[in-house]
Every structure is written in structure tokens, then in C-alpha cells.
Amino acid sequence: MSLAEISARIAVATKEAGRPEGSVTLIAVSKLQPLARIEALLDNGHRIFGENYVQESSGKWPGLRQRHPDVSVHMIGPLQTNKAKTALELFNAIHTLDRPSLAEKLARLVQQHGISPELFVQVNTGEEPQKAGVLPDQADDFIAACRLMDLPIAGLMCIPPDGEDSAPHFRHLAQIAERNGLRGLSMGMSGDFETAIAHGATHVRVGSAIFGARVTS
Ligand SMILES: *Cc1c(COP(=O)(O)O)cnc(C)c1O
């Protein structure tokens, strides 16, 4: 599907949800995509991208950013604490803040360097043991702890379990955000972004529906 088609579907879903036009940000997830496909989107004027791997992004984005300084790259994959500094240099936003050790590291770096990416706390709404994210009943405490470290939190992020209806997970994430006074909701992927918008998503992360299948290594 083309970028224009996805944007049109986002606009329709936003309107149907009774939400203001332009209140949903489309993050084009470009992990494991050939450079030519990313360049095609950039030529089309798209500027907001999502990546999962620090190393892959270090190879790709510094060059692309030279030609397009207004690009915004969002980290949506798990982040190792020892890569936090590189991540701050590479990314405008991090959607996967999921543990105290990473929060402490980011808080120190933000203070030292005076730059602050937009931060989303990842919540493991499905309580899946193999999945990252704070558990729903620990989210309030974790958000409070981040705020005590002067780490500004923009919102919450979730990845619902495979093969389950996403709607209850999106609803749950929206509730946790609401009671913590957070506006940002990073939720919805190729298969469920319209459902996410109906539940208040401010950022949808769409990869394969825009780019086609990823190149597996
Ligand atoms: C890969 C990925 C996406 C994009 O998935 P698609 O199904 O290709 O749209 C979105 N969010 C996260 C966290 C991802 O890892």
C-alpha cells in the first residue's frame, strides 16, 4: 500500500473517532528495509521513521539525516543500557523505556548533554513473559519514579500479544495513560492501526503495510 493510502486511512479513522485532523502521527517503520524504499518515502516528503536496532540505525540514518536534517527517527525496539548514549545521539524519540536501570542511565545522559528525546514507557499489557515492558500494575510507580528523576515522559507504548484482539490492550493502555496524566499513546501497527486510533493512539507504527515485506537476514 502506498504512503498516501495509509495516510488516507489514518485520516478517515481519526475523523470517525471524532478526533481532530492531524492528531495522529504516522511513524514509518523502516527496520530491515532496503535504503531505496526509505529514500522513496523521503522523496515523497515523509519525515518520521521508526527503527528497532541501534546498530542498523547507526549505519543508515547519519547519512540520510545529512540530506534531510528535519527527519525524526524513533527507536521502537528494545534498548540495551550500554547503547543508551548512542541512542540519544541517533534518535529523536525512544518508545521502549521499560526498566529502572535504563531510566537512570537516560536521566544521567539527559542531564549531562542537555538534550531530551521524547520518551514513551513501554507497558507489557499482555503480561507476556518473553516481552519487554513494565507490567500494568507497576506502570504508575515506574512513571512516578521517572518523573522524580526529571525524566519527562511523553506517553505510553504497547505491543499487544500476537493473534489476540488488540482492542482491550489499547483500551487498557489508554486508561493507564489517563490516570497518569499522559497524552501520548504509541500503539497500532500495520494490522490494527485503525483500531488503535479509535482508542486514542497519537502515534501509530506502520511498517510492512507501507514498505512491503522486510528483508530478512
Ligand atoms: C516492526 C515493528 C512495527 C511495525 O510492524 P508492521 O507489522 O510491519 O507494521 C511496529 N512496532 C514495533 C515495536 C515493531 O517492532
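Starting from 1, each residue takes its place in the sequence as its number. This one's a predicted model, so the numbers in the text were calculated from it and none came from an experiment. As the structure lists them, so they are numbered: ligands from 1, and atoms in each ligand from 1.
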* Asked: Parallel, tilted or perpendicular: which describes the rings of Phe49 and Trp61, with under 30° parallel and over 60° perpendicular?
  ->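 Rings of Phe49 and Trp61: tilted, as their planes differ by 30° to 60°.
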Considering only non-hydrogen protein atoms, determine which one is nearest to [atom] and report residue, atom name and distance to 0.1 Å.
atom: atom 12 (C) of ligand 1; result: Ile76 CD1, 3.5 Å
atom: atom 1 (C) of ligand 1; result: Lys31 NZ, 1.3 Å
atom: atom 11 (N) of ligand 1; result: Arg205 NE, 2.9 Å
atom: atom 5 (O) of ligand 1; result: Met189 CE, 3.6 Å
atom: atom 9 (O) of ligand 1; result: Ser190 OG, 2.5 Å

* Should Gly207 be counted as touching ligand 1, given the test is an N or O pair under 3.5 Å? ->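 Yes - when backbone and side-chain N and O of Gly207 are compared with those of ligand 1, one distance drops under 3.5 Å.
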Work out which heavy atom in [X] is nearest to a heavy atom in [Y]; give both atom names and the distance.
X: Phe91; Y: Pro117; answer: O-CB, 4.1 Å
X: Gly200; Y: Leu185; answer: O-CD1, 3.4 Å
X: Met157; Y: Ile76; answer: CE-O, 3.9 Å
X: Ser101; Y: Thr81; answer: OG-OG1, 3.9 Å
X: Leu90; Y: Val54; answer: CD1-O, 3.8 Å

* Asked: Which atoms of ligand 1 sit under 4.0 Å from any heavy atom of Asn52?
  ->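 Counting from 1, the qualifying ligand atoms are 14 (C), 15 (O).
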* To do: Just jot down the ligand 1 atoms closer than 4.0 angstrom to any heavy atom of Val206, in number order.
  =>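 So the answer, numbered in order with elements, is 9 (O).
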* Any His95 heavy atom less than 4.0 Å from ligand 1 ->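 The answer is no: ligand 1 sits nowhere under 4.0 Å from a heavy atom of His95.
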* Could you walk me through whether His74 and Phe120 pass the ring pair (Phe, Tyr, Trp, His ring centres under 6.0 Å) check? -> CA-CA 10 Å; His74 293 227; Phe120 293 80; 7.3 Å; no
